[in-house]
Protein chains: 2
Amino acid sequence: MTCKPDDATVSAWIGLSRAQRLATAGIEARLKAADLPPLSWYDALWELEKAGECGLRPFELEKALLFEQYNLSRLVDRMTRAGLVDRCVCPDDRRGQTLKISGEGRALRQRMWAVYGPAIAEVIGERLAPGEADQLAALSAKLC
Amino acid sequence: MTCKPDDATVSAWIGLSRAQRLATAGIEARLKAADLPPLSWYDALWELEKAGECGLRPFELEKALLFEQYNLSRLVDRMTRAGLVDRCVCPDDRRGQTLKISGEGRALRQRMWAVYGPAIAEVIGERLAPGEADQLAALSAKLC
DNA sequence: TTGATGTCGATGCGATTGCATCTATATTGA
DNA sequence: TCAATATAGATGCAATCGCATCGACATCAA
């Protein structure tokens, strides 16, 4: 049975939550200031770019991004309308489709990384001593 | 100048983000399954309960919760309509108001904690060895 | 086969968020 | 004092989210 959390657990949860929200806000603000789309667009573009030629099915992207199905459907809508992603026919499953990043999509991802990368460095990297980032990554991994 | 983040920093950021989102989703799902309002309501109620008799100004709550001003305004709206929070006149500043938790609000916070507490234990506590929670809290604090 | 059930993705609708801006009051400085 | 500026909080409107559900195809069991 699951009982009440101890104080250390509560502090960890509150800290995790605040840290992530502050970092996200900082990063999103920098993207917006540079007239770039939100983080979720970057994440989608990056997953699709990593997937390469064969692309990804929407449900795969959904799992990779931890998105709700309906939100992913609409995100893909917007990105397709923006010319960043191509919806291709899926040979194996006629219910589905295959998503591929376009040239424009690749270009936008690069422009976003030019802002996103330094933002991560500023918001996370500069605040952690060497080795602490690894610790944080390891602890986070245990929660997934 | 801020340059590119190193790999450890990127891993820390991605891990932090995924861990927080998964944990949040798990906790919110449990609240919803118990027919309870979302986490933000709990957070607001808890801040107001901690503040005690003298209550809090909306802008103080805004800072405590890391909310946008307009979102806080509307959250308070909904919670007031639900009878959980009282808007009181603010003697010092006639532009503003003082927010106080109601009896109903206190009661709801308790009922929420009965779900929220175990949820934290399950999603965070059970996945971290003793001491790791403290480490995570300490690392998170460096990011704030 | 074929009927029952499961999975993929889209969508109508109401709720919430983000942006810009507004009103009212407070503060500051000439 | 009083005009200029700043701060507290609300709100109209468009974009996005959450929920429920749908249509289309796939899979599985008899």
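By convention in this document, chain letters (A, B, ...) are assigned in the order of the sequence lines, proteins followed by strands, and residues within each chain are numbered from 1. Remember, it's a predicted structure, so these values are computed and weren't measured experimentally.
- Taking side-chain N and O atoms only, A:R57 has no distance below 4.0 Å to OP1 or OP2 of C:dT7.
- Closest approach of A:L72 and A:P58 over heavy atoms only: CD2-O, 2.9 Å.
- In this structure, B:E60 places its CD atom 14 Å from C1' of D:dT7, rounding to the nearest Å.
- One atom, CZ of A:F67, and another, C1' of C:dG9, lie 16 Å apart when rounded to the nearest Å.
- Over its full length, the helix from C:dT1-D:dA30 to C:dA30-D:dT1 turns its helical axis through 20°, comparing axes from the five pairs at each end and rounding to 10°.
- There is no side-chain donor-acceptor pair under 3.5 Å between B:T80 and B:D77.
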task: Evaluate side chain to side chain contact (heavy atoms under 4.5 Å, CB included) for B:S73 paired with B:Q69, printing each intermediate quantity in order.
output: CA-CA 6 Å; B:S73 175; B:Q69 184 269 319; 4.1 Å; yes

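- Residue B:R95 contributes atom CZ, which lies 12 Å from atom C1' of D:dT5 at whole-angstrom precision.
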task: Go through the steps for B:E62 and B:R57 under the test salt bridge (charged side-chain N to carboxylate O under 4.0 Å, His left out), then give the verdict.
output: CA-CA 9 Å; B:E62 178 189 326; B:R57 298 289 299 274; over 6 Å; no

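- Contacts between residues 69-85 of chain A and DNA chain C, defined by a heavy-atom separation under 4.0 Å, are made by A:Q69, A:Y70, A:S73, A:R74.
- Nearer to the 5' terminus of DNA chain C, by closest-nucleotide assignment, is the contact made by A:R87 (compared with the other of A:R87 and A:K32).
- Contact check for B:E132 versus B:I124: no side-chain heavy atoms found under the 4.5 Å cut-off.
- In plain terms, the two heavy atoms of A:L139 and B:L128 that are nearest each other are O-CD2, 4.2 Å.
- In terms of heavy-atom proximity, B:L36 sits nearest to B:M112 at CD1-CA, 3.9 Å.
- Between the P atom of D:dG18 and the CG atom of A:L66 lies a distance of 13 Å, rounded to the nearest Å.
- Rounded to whole Å, atom P of C:dA26 lies 5 Å from atom CZ of B:R94.
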message: Please evaluate residues A:V115 and A:I27 with respect to the criterion side chain to side chain contact (heavy atoms under 4.5 Å, CB included), reporting the C-alpha separation (whole Å), side-chain torsions for both, the decisive distance (0.1 Å), and the verdict.
response: CA-CA 9 Å; A:V115 172; A:I27 292 169; over 6 Å; no

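- Whole-Å rounding puts the B:Q97 CD to C:dA24 C1' distance at 13 Å.
- Following rounding to the nearest Å, A:L65 (CG) and D:dC17 (C1') show an atom-to-atom distance of 16 Å.
- In this structure, the nucleotide among D:dG9, C:dG9, D:dA8 sitting nearest to the side chain of B:D93 is D:dA8.
- When rounded to the nearest whole Å, the span between CG of A:D92 and C1' of C:dT7 equals 15 Å.
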field: Audit row: B:E49, B:R106, salt bridge (charged side-chain N to carboxylate O under 4.0 Å, His left out) steps and yes/no
entry: CA-CA 7 Å; B:E49 193 164 336; B:R106 258 182 279 271; 5.4 Å; no

